[in-house]
Structure formats: structure tokens, C-alpha cells
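Numbering of ligands and ligand atoms starts at 1, following listing order.
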Amino acid sequence: MLVLVINAGSSSVKYRLLDMQDEEPLSWGLVEKIGEPMGQVFHQGRTSNGVHQFTEKLPIRNHRQAMERVVNLLTTKEGGVIDGLERIDAIGHRVVHGGERFRHPVPIDADVVEGIREHIPLAPLHNPGHLAGIETALELFPGVPQVAVFDTAFHQTIPPAAYFYAVPHRLYQDLGVRRYGFHGISHAFVTRQASHLLNIPLEKVNLITLHLGNGASITAVKGGCSVDTSMGLTPLEGVIMGTRSGSLDPAVVGYLHRQAGMDVEEIMNLLTRESGLLGICGHNDLRDIHRRRLQGDERAQLALDMLVYSYRKYVGAYMAVLGRTDALVFTGGIGENDAVVRELVCRNLENMGVCLDPTENLQWEGRPKCISRSDSRVRVLVIPTNEELEIARQTLQVLSAPDSCGACAQAL
Ligand code: ADP
């Protein structure tokens, strides 16, 4: 079975063709800078002759042209991996926002396309790109079943006490103001992997999953289901991120408006693109921050201290939410690669049952692994996320048994 996974953004299309026999990618790549004067294509294909790489620069007017190039690269004689589009059995599309309507992945039809369109106000930066990708794929792959997999779906099990904001109820009724949560595809993937690694059935496993990358969110998972998550109505809430502030006093917005004369767009831009690690110390990549702090840069040290502190507050809070925590699960660019951050997050939590093994923490080599001591009541795991594989798995699952696909990882 071959599943093509498509993640279409506002100016890029990422793709991965997976052979679901061994769940390995046959091909993957990225078309970026769509609509700009010069676009960029990066493609890799795995054939019997080894891995073939291809890059090119050319203007790419729109998503249709981007997808046509992808189709061409997948099937071309030089480096293509399939002899025709009919080899593709299904297509899975990543969609960031499905609101309350899409609680699980769904086969795409005209009604679903309209549903994704209706959620554009909640995800104006993401859903339009997804729609462009979906509409083009429906034209280019007629007859191939296509599925929308939503980042918000995993969090639809969060109970009302955790998803409502303390604002007038009409804001929820009229405008859908509530916590939705994001990165659900990744949190669902590592939840299932952790259950396997811990040998605890999915419906019994309690976890705190830390998806820490440039964008970051932390989720409390009870019995395989999300019961709270740090991101909210938008991906701005929660922990400190690369360029996003995370949670702050909402009155900051009014204060900036009144005192600095900034309008809403300017303030949102400031909080989304100029804040977080970048705002604190001028760098948003932790590798640069480590380099600078080791050279004595105090702001870089402050940025790291604040980042870790914001993670630890959620870990403590979610331990209270869960009652019993089986494991902390680190994933994402920072969670997978930064042993210093993992060590600092787990430091002095022995009383809460977390005992990191410093040697194991340093020796992580890319595979799912336990990095806590054998006597640690709460295990600590590092699990590389694989959102494309999760999308492909959910795609096949929903096509083979549409009714079995609940929002929880446990139902998949
Ligand atoms: P995104 O949210 O864009 O998907 P990623 O999950 O790819 O982000 O994470 C990217 C971030 O991970 C980088 O900005 C950097 O801070 C961090 N990172 C990546 N590699 C390393 C590394 N080897 N050591 C420390 N941090 C790393």
C-alpha cells in the first residue's frame, strides 16, 4: 500500500510517499516559496539504485503548479519512484484546524472541503494553504481516496473545565472562543509509541508529552486521550517558543495599544514573530543560544532559564491534572536533540518521582528510548516524532474502518 502524505502551507508543499508495508518513505520533498519570484524544489527518492536527490529553482505560481511538479518528480524516469499515479492507494492531508466539527480524520468530500473552509477564521495562516493543496490533489488524483487528518482532533477529548476560557459564554457560542490545542498529530503519535515502549495498554497510559520545537506544546494524556494542552484558541498560548511569547497577561495587549499606539495587527505580529527566545536574546535557535551563553552572554542564559521554567510549570501542573504519571515524553527538534534542556526540565523532580539517568540522557541516538533510572517512578522517554507516518496510518485506518477512528490515540 502506498500512501502520499501532503502538508500544504501558505507558500509551501511538503510531501512524503510511504510504503505502508514497512512504513518507510519511498520519496519525500518540499516545494517552497510558492508565489514568490523564485521558488525552490527539493526532492529525494529511494530506488533500487540508492537515494536520488534533486534540487531546482524556478518560479512556482501557485499550489497547482507545485503539485504538478511533485507528481512529475514522483513518476519521472530519473529518480522517480513509481511508474504511474495509479500506484498511489490513498492520500492523507494535514489540516491544522478542524474546530469542534472534526473530532477524527475524515474521507474528503465536498462537504469536508466546505467544513475546512469554514474554519479559516480560526486558522487564517494555515487552512487556506491546506485547502489549496486539497483542491489541487482532488483534481490531479481523481479516484484516489483522500483523507483530512486534523492537528486539533486529538485534543477534542479535553473536558470543558480545561477548554473553556473564563470569558462570557456568548464568545464561545457566537465565535467559537475556546482552547482547541495543536500538534495533535505529533502528540497522538508519541502517545502510541510510548504505550508500546512502556508496555502499558493505550487506554491505561498516563503521559505528559512535550512537543518542543520552534513551535512547542505540552499535553496531559490520560488513558491515551488528551485531557489538557498548553496551546489554546491559537498556537500562541502556552510555553515560550522560538519567536512566540506563549502565555502572558492579556492586559499587555491593551497596554501596548494605549501606551505605544500599536494596533492589533502590530501587537499580534510582535507576539508571534518577534517574541519568545528571539525577543529575549536575539536568537530563536537553541543551538545559537547555547553557543552564546557558554561565551558568557547573560541574555542567552536568561532565555534558556525562562524557556526551561515555562516547560517545568506545565510539567508540574499536568502531574496534578493526571494524578498518576507514567512518563514524560520528549519529542520535537528541542525535545529530541537537546540533552541540556531535558536535564534541566527533570532536575530536582525526584520527590515527584522523576529520576533522570544522566548517562542515558546524553547517549540518545535517534531511536525511541527510556532515559530515566530504573528506580524512576515516572519514566522519561525520548521519542522522535513522525507526523507524516501518523497521517498515513490514520489515513489507512479511516479508509478501512471509518467508524473506528475516535479522537483518542486509543481508538486508532
Ligand atoms: P518546528 O516547530 O519548526 O517543526 P522543530 O521541531 O524542527 O521545529 O525544531 C526546531 C528547533 O529545534 C530549532 O529552532 C532549535 O531550537 C532546536 N534544535 C534542533 N536541533 C537541535 C540540536 N541539535 N540541539 C539543540 N536544539 C536543536
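For ligand 1, the atoms sitting less than 4.0 Å from at least one non-hydrogen atom of Gly215 are 2 (O), numbered in the order shown with element in parentheses.
Between His211 and ligand 1, no pair of N/O atoms sits closer than 3.5 Å. Checked against a 3.5 angstrom limit, the closest N/O atoms of Gly332 and ligand 1 fall outside it. Of the N or O atoms in Leu286, one or more lie within a sub-3.5 Å distance of an N or O in ligand 1.
Summarising the geometry, atom CD belonging to Glu68 is positioned 5.5 Å from atom CG belonging to Leu140; distances are rounded to the nearest 0.5 Å. One distance of note links OG1 of Thr385 with CD of Glu390; it measures 8.0 Å at 0.5 Å rounding.
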Open item on the list: Go through it in stages, so that I can follow the logic: the residues are Glu237 and Tyr165, the test is side chain to side chain donor-acceptor pair (under 3.5 Å), and I'd like the CA-CA distance, side-chain angles, deciding distance and then a yes or no.
Closed with: CA-CA 12 Å; Glu237 192 183 346; Tyr165 293 122; 2.6 Å; yes
Task: Test log, rule salt bridge (Lys or Arg N to Asp or Glu O under 4.0 Å), inputs Asp297 and Arg291 - done: CA-CA 9 Å; Asp297 184 327; Arg291 195 172 37 79; over 6 Å; no
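In summary, Asp151 and Arg94 engage in a salt bridge, as defined by a charged side-chain N under 4.0 Å from a carboxylate O.
Closest to atom 24 (N) of ligand 1, if we only count protein heavy atoms, is Arg287 CG, 3.6 Å. Protein heavy atom at the shortest distance from atom 8 (O) of ligand 1 is Asn214 N, 3.1 Å. Of all protein heavy atoms, the one closest to atom 23 (N) of ligand 1 is Asn337 CB, 3.4 Å. For atom 17 (C) of ligand 1, the closest heavy atom belonging to the protein is Ile334 CG1, 3.5 Å. Remark: minimum distance from atom 25 (C) of ligand 1 to any protein heavy atom is reached at Asp338 OD2, 3.5 Å.
The closest side-chain donor-acceptor pair between His187 and Thr219 falls under 3.5 angstrom. Ser186 and Glu387 share no donor-acceptor pair across their side chains, judged by distance under 3.5 Å alone. Side-chain contact annotation: His211 with Ser217, donor-acceptor N/O pair under 3.5 Å absent.
One option in Ile289, Asp285, Val340 has a heavy atom closer to atom 15 (C) of ligand 1 than any other, and that option is Asp285. Residue nearest to atom 5 (P) of ligand 1, selected from Gly333, Ser186, Ala339: Gly333 (by heavy-atom distance).
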